[in-house]
Amino acid sequence: MSGIVNKSADIRKIAVVGAGYVGLVSSVCLSELGHEVICLDIDRERLTKLLSGEVDIAEPGIAEWMTRNAEAGRLSFTDDYRKAIPDVDFVLICVDTPVDAFAEPDLRNLRAAVYGVADYISDGACIVLRSTVPPGTSQLVSGWLGNSGNRSISIAVQPEFFQEGRALEDCWNPIRIVVGSEKEETALLVANLWKTREAPVVVTDLATAEMIKQASNAFLATKISFINDIAGICDAVGADIDKVAEGMGHDPRIGFSYLKAGIGFGGSCLPKDLRALLHTAASKGVAVQQLEATIAVNERQREIVLRILSEHLGNLTRSSIAILGLAFKPGTSDLRDSPAIALAESLALAGATVSATDPAISSEIALRVSGILKFSPDAYSAANGADGIVLATDWEEFKNLDWQRIADSMAGKIVVDGRNYLEASRIETAGLKYIGIGRNS
Ligand code: UGA
């Protein structure tokens, strides 16, 4: 992937509030397109790093693109709203929007960012919400802006659709550009910021743009829970879920993606966004059985491994289990809502001793995860003396392990493939018992 500075499009002055993975990736791509971008983050530690060219998100290529654009004078960083906001045409708000313990979206960071912007924004500028927000949030933003005096400030919603680990690629080559605003003219101006990218543009009202983001994540999550339900039936009737998904996927109406069965989805987006959507539905009195089932199936998948291990090892008290992979998916060190972490905690609660390894995670971080007693540098030392192994993240590093070496060092024989990623025959040749999810094993 190589970027090209866009010399023909209108060059705009843009402020981006939040230098997390959405804000930083958006800033870098917009500056690569030739716009003049100032990125604001109130986190001093992060800002100091960014000012010295260091990036704290693991996105391939981002450091190089950031340095190139900073050196060219198109990208700068600050923590000062007074410096970032007054002269810009667009303010992209990219702060995090977590859900609280009751699944209620916590919009405090968003509100603080809007207040910070409101004091300095110029007449005619546009605030663009990039953060994933519950439907209706853009209306709240209007309220928080309050009395803007004689200033006319427009609001747009332009959701991001980045996958962690390939966010730069997803931002630079978007599959679609969705922009919502009360005025079509405003939406088109926002879409135009990205105009040299070849992607269909969907222009909507504000609430619809917010819903497109939420519905997209909910649909991906639902595909995963659907295939996990089908995997359960495959196990019962002796069918192979991978082949079922392959056979289904050839139908373009279905497609191949997000049909990988296993221990379910995690991360900072799909689970959180689903809970937020459920909260919105409940607050409006709307019945959403499908979405509730998507969450319930995902929670059940996290327990399936525990059940399989108990079936083969009996009482898990004093058993020793090695978990291969802790991140919520390969290519990231992100542990947020990772099924592997939930598994480690459940195993520890059941009395098992848990060892773990992950190529992207330091022992210092892993040992902070409750339940993990030993962190190993690789799969071989994690498996040493274990009664059972669980593959929880489909890292390439685990694809071609020497299973004979592992079998020789284990106390037991069970290998549970929570991601349907390993080759059963190689594991069984080493004298181990392979168990996948819906793989007829
Ligand atoms: C997700 C969406 O894919 C992005 O489009 C969206 O922009 C992003 O959330 C967001 O809202 O910011 P991400 O959180 O990076 O991206 O995660 P995914 O790559 O979608 O994976 C989510 C989880 O589903 C992982 O735990 C993965 O292992 C699991 N998964 C994925 C499956 O279990 N089966 C599959 O077939 C695919």
Side-chain angles (χ1 to χ4, degrees), residues 18 20-26 57-60 94-99 105 129-134 158-171 173-178 210 212-231 241-242 244-246 248-249 254-277 294-295 297-302 304-305 325-343 358 391-395 417-421 436-438:
Y21 97 111
V22 175
L24 188 59
V25 170
S26 300
I57 56 169
E59 289 297 334
C94 303
V95 297
D96 59 331
T97 48
V99 289
L129 290 183
R130 286 285 264 168
S131 303
T132 302
V133 291
Q158 194 214 345
E160 51 78 25
F161 300 99
F162 312 158
Q163 290 169 73
E164 226 175 293
R166 47 164 294 143
L168 196 61
E169 167 76 36
D170 286 346
C171 186
N173 293 313
I175 294 171
R176 78 292 214 187
I177 293 171
V178 173
E210 291 166 339
I212 289 172
K213 167 68 186 190
Q214 296 277 359
S216 299
N217 274 2
F219 184 70
L220 294 173
T222 299
K223 272 187 105 176
I224 298 169
S225 281
F226 169 84
I227 204 69
N228 281 331
D229 252 359
I230 299 295
I241 189 64
D242 292 343
V244 170
E246 186 188 335
M248 289 168 63
I254 298 174
F256 294 103
S257 60
Y258 286 77
L259 287 184
K260 189 84 185 153
I263 53 174
F265 57 83
S268 63
C269 304
L270 299 192
K272 176 205 80 169
D273 291 350
L274 260 175
R275 286 198 291 271
L277 197 52
T294 296
I295 291 183
V297 170
N298 201 47
E299 281 165 6
R300 183 197 67 203
Q301 288 310 105
R302 293 180 175 204
I304 272 182
V305 172
L326 293 174
F328 83 96
K329 66 175 186 179
T332 174
S333 57
D334 198 337
L335 298 178
R336 284 176 289 178
D337 218 334
S338 172
I341 303 300
L343 175 67
D358 188 293
L391 179 102
T393 315
D394 37 348
W395 281 106
D417 183 356
R419 294 292 179 184
N420 284 358
Y421 184 63
I437 310 289

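We count residues from 1, following the sequence as given. Counting starts at 1 for both ligands and their atoms, following the listed order.
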Any chance you could measure [X], atom [atom1], to [Y], atom [atom2], to the nearest 0.5 Å?
X	Y	atom1	atom2	value
Lys260	Ile241	NZ	CD1	10.0 Å
Ser225	Ile230	OG	CD1	11.5 Å
Met248	Leu259	CE	CG	5.5 Å

Under 3.5 Å, which donor-acceptor pairs link side chains of residues 261-274 to any protein atom two or more places apart or in another chain?
from	atom 1	to	atom 2	distance (Å)
Lys272	NZ	Thr97	O	3.2
Asp273	OD2	Asn217	ND2	2.7

>> I'd like the contact residues of ligand 1, where contact means a heavy atom below 4.0 Å.
In response: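 These residues qualify: Tyr21, Glu160, Phe161, Phe162, Gln163, Glu164, Lys213, Asn217, Leu220, Ile224, Tyr258, Leu259, Lys260, Gly264, Phe265, Gly266, Cys269, Leu270, Asp273, Phe328, Lys329, Arg419.
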> If you take all heavy atoms of Asp170 and Phe161, which pair is closest and at what distance?
Replying inline: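 Where Asp170 meets Phe161 most closely, the heavy atoms are OD2-O, 3.8 Å.
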> Looking at Pro105 and Ala276, what are the two nearest heavy atoms and their distance?
Replying inline: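 The answer is CG-CB, 4.0 Å.
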